[in-house]
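Only one structure is covered here, and it is reproduced in the block below.
What you see is a predicted model, and the numbers here were worked out from it, not measured in a lab. Naming convention: chains lettered A, B, ... in sequence-line order (proteins, then strands); numbering from 1 in each chain.
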Amino acid sequence: MSRAIALIDGNSFYCSCERVFDPKLAGVPVIVLSNNDGCAIARTAEAKALGIRMGEPYFKIRQLCRSKGVRVFSSNYALYGDMSARANTVYRQFAPDVEIYSIDESFLDLSDVRERDRLALARDLRSTVRQWTGLPTCVGIGPTKTLAKLANHIAKTVPELGGVCDLSNEAERAAWMVGISVGEVWGIGRASRARLEAMGVDTVADLRDLDPRPARASLTVVGERIIHELRGRACLPLEIVPARRKGCAVTRSFSSRIIERTVLEQAVAAHATRLGEKLRRDGLAVSAVTVFYHTSEHDRGDPMRSVSTVVHLPEATNDSRHLIQAALHGVAKTWKEQGPTPWRYSKAGLVTTDLVPLDEAPRPLFDALDREKSGALMAAMDACNSRFGRGAVVPARAGLMEKRTWSTKFEMRSPRFTTRLAEVPAVSAIM
DNA sequence: TCTGGGGTCCTAGGACCC
DNA sequence: TCTGGGGTCCTAGGACCC
């Protein structure tokens, strides 16, 4: 049986999640904004038709949104994450081997399904997901991940296909490739596209016909793999068990510029607390943390400053208290007293790259941390926050949630319909 | 005329993705 | 006034080693 991979993804995923809980949003333009209500990061077809581009700053389109009746939402990751998990449980009923690629995309292994049955299965999958979760999706099928991605692109852009496209057949594949721009290929971004077009490579078919080995010179080994994948030779395996993550970052823009050291300290302490939560969830630990903070590139004319410093910990840890200490130390050794024209900082964050499983991390011979105590305390804190909501219990240095004046804005956020009991939608019926 | 040859590890920067 | 966050992978170049 030939290899077959399906890529299923949610259409305008974040917007669709909002629509599930408000039928009035059907047929009207909807957008969802990035953190801090900064940019448009999800748009329905109606919003795209109004010319709203991906990543467009909200302040530039606010008037347009108002005059055209665009419904605008802040990001609601609790909702989107939960809806994503629900969709994946449906996918698994159709194909047990699923790679969750992103919050709105999954690869499914359909190799055991006969070629002539694949389209029917894809249609069934789509309508089941729609019925059980309310989410609209598209499905692309191909012998490699890159071709499944391409098929998904076709399913999304050619309405007559009804949201599904199977590129298992080589001749059909070739016919489509002639008409699609090379920039649509997964892994070909702006820079590679420009380089390819300069070489006279304009369509997907042109790219497929390049000699893979020499193409390495301009596209690196990544490009070489893409060409093989377009020819139907798989280079990218399906990753059903997620690989261990290599880095972890918590970075946020402030809701407004900050000048005071104490505020910056509270922010990095809060980021450190969040970092600890993420690390503990995965059983990982770090022995060094990069602390950074900087002014904004958009504040032209203001004094600029960008700080980044590495703080080493005595031993690998995921205890929030140790991470907070490290973060504060990072500020202490880089802070410069403010003068008459102060630096107005716009963003701060913590980045780590040397993740190790806590139970594999080496211990110091002397003065080792008491991991039992630390683990019990952190587990108790995590349990409280999981039961009563994030921020129910926080280290004092991180500040109470409602007192964090610097923290990210979400002024148009919908309720957490599916993950907070107090926010479950109420339904009334008239008999 | 004429540089030694490999290795590894680390970092910075670029590119790409969602 | 107002411009996101979090990942991965690859390459080049320097430091260092034998």
Rounded distance (Å) that lies between atom C1' of B/dC18 and atom CG of A/Asp104: 7 Å
Measuring only between side-chain heavy atoms, which start at C-beta, is A/Met177 closer than 4.5 Å to A/Leu230? yes
Using a cut-off of 4.0 Å on non-hydrogen atoms, how would the nucleic acid contact of A/Glu105 be classed: base, sugar-phosphate, or nothing? sugar-phosphate
Whole-Å distance separating the CG atom of A/Leu7 from the C1' atom of B/dC18: 12 Å
Is the shortest distance from a Lys or Arg side-chain nitrogen in A/Arg225 or A/Glu229 to a carboxylate oxygen in the other one below 4.0 Å? no
According to the interplanar angle, ranging from 0 to 90°, do the rings of A/Trp335 and A/Tyr345 count as parallel (below 30°), tilted (30 to 60°) or perpendicular (above 60°)? tilted
So what does A/Ser192 hit on the nucleic acid, given a heavy-atom distance under 4.0 Å: a base, only sugar-phosphate, or nothing? sugar-phosphate
Under-4.0 Å salt bridge between A/Glu277 and A/Arg281: no
For C/dC10, does either OP1 or OP2 sit under 4.0 Å from a side-chain N or O belonging to A/Arg225? yes
Of the listed nucleotides C/dC10, C/dT1, B/dC16, the one nearest the side chain of A/Arg62: C/dT1
Going through the checks in order, is the side chain to side chain donor-acceptor pair (under 3.5 Å) test met by A/Asn88 and A/Ser106? CA-CA 8 Å; A/Asn88 276 291; A/Ser106 291; 2.7 Å; yes
Stems with DNA chain B, 3 or more Watson-Crick or G-U pairs in a row (under 3.5 Å), are B:5-18 with C:5-18
Which one, C/dG4, B/dC17, C/dC10, comes nearest to the side chain of A/Tyr101? B/dC17
If you draw a 6.0 Å radius around CZ in A/Arg321, do more than 12 non-hydrogen atoms from other residues or ligands fall strictly inside? yes
Return the value, rounded to whole Å, for the distance between atom CD1 of A/Ile226 and atom C1' of C/dT8. 14 Å
Strand contacts (DNA chain C) in residues 281-308 of chain A, 4.0 angstrom heavy-atom criterion: A/His298
Atom-pair distance (CD on A/Gln63; C1' on C/dC2), nearest Å: 13 Å
Going by heavy atoms closer than 4.0 Å, what residues in residues 236-262 of chain A are next to DNA chain C? A/Arg245, A/Lys246, A/Gly247, A/Cys248, A/Ala249, A/Val250, A/Thr251, A/Arg252, A/Ser253, A/Arg257
Heavy atoms from C-beta onward define the side chain here; which of C/dC9, C/dC2, C/dG5 lies closest to that of A/Phe59? C/dC2
Distance check needed: C/dC2 C1' versus A/Leu33 CG, whole Å only. 11 Å
With respect to the phosphate group of C/dG5, does any side-chain polar atom (N or O) of A/Lys278 fall under 4.0 Å of OP1 or OP2? no
A/Glu56 with A/Arg43: basic N within carboxylate O range, under 4.0 Å: no
How many Å lie between NZ on A/Lys156 and C1' on B/dC18, as a whole number? 11 Å
Got more than 12 heavy atoms from elsewhere within 6.0 Å of CZ, A/Arg53? no
Salt bridge check: are A/Lys278 and A/Asp282 linked by an N-O gap of less than 4.0 Å? no
Counting distance only, does the side-chain N/O of A/Arg126 pair as donor-acceptor with the main-chain N or O of A/Thr137 below 3.5 Å? yes
Let's see if you can work this out: which of B/dC17, C/dC10, C/dT1 has an atom nearest to the side-chain heavy atoms of A/Lys149? B/dC17
Using a heavy-atom cut-off of under 4.0 Å over every strand shown, decide if A/Val185 touches base, sugar-phosphate, or nothing. sugar-phosphate
Rounded to whole angstroms, how far apart are CD1 on A/Ile31 and C1' on C/dG4? 14 Å
Distance test, side-chain N/O of A/Lys347 to OP1/OP2 of C/dG5, below 4.0 Å: yes
Output yes when A/Glu184 and A/Lys156 qualify as a salt bridge under the 4.0 Å nitrogen-oxygen rule, no when they do not. no
Quick check for you: among C/dG4, B/dC16, C/dC10, whose closest atom lies nearest to any side-chain atom of A/Ser34? C/dG4
Out of B/dC18, C/dG4, B/dA15, which nucleotide sits closest to the side chain of A/Ala191? B/dA15
Rounded distance (Å) that lies between atom P of C/dC2 and atom CH2 of A/Trp406: 18 Å
Answer yes or no: are there more than 12 heavy-atom neighbours, outside A/Arg233 itself, under 6.0 Å from its atom CZ? no
Measure up the A/Tyr80 and A/Tyr77 rings against each other and bin them: parallel (under 30°), tilted (30 to 60°), perpendicular (over 60°). perpendicular
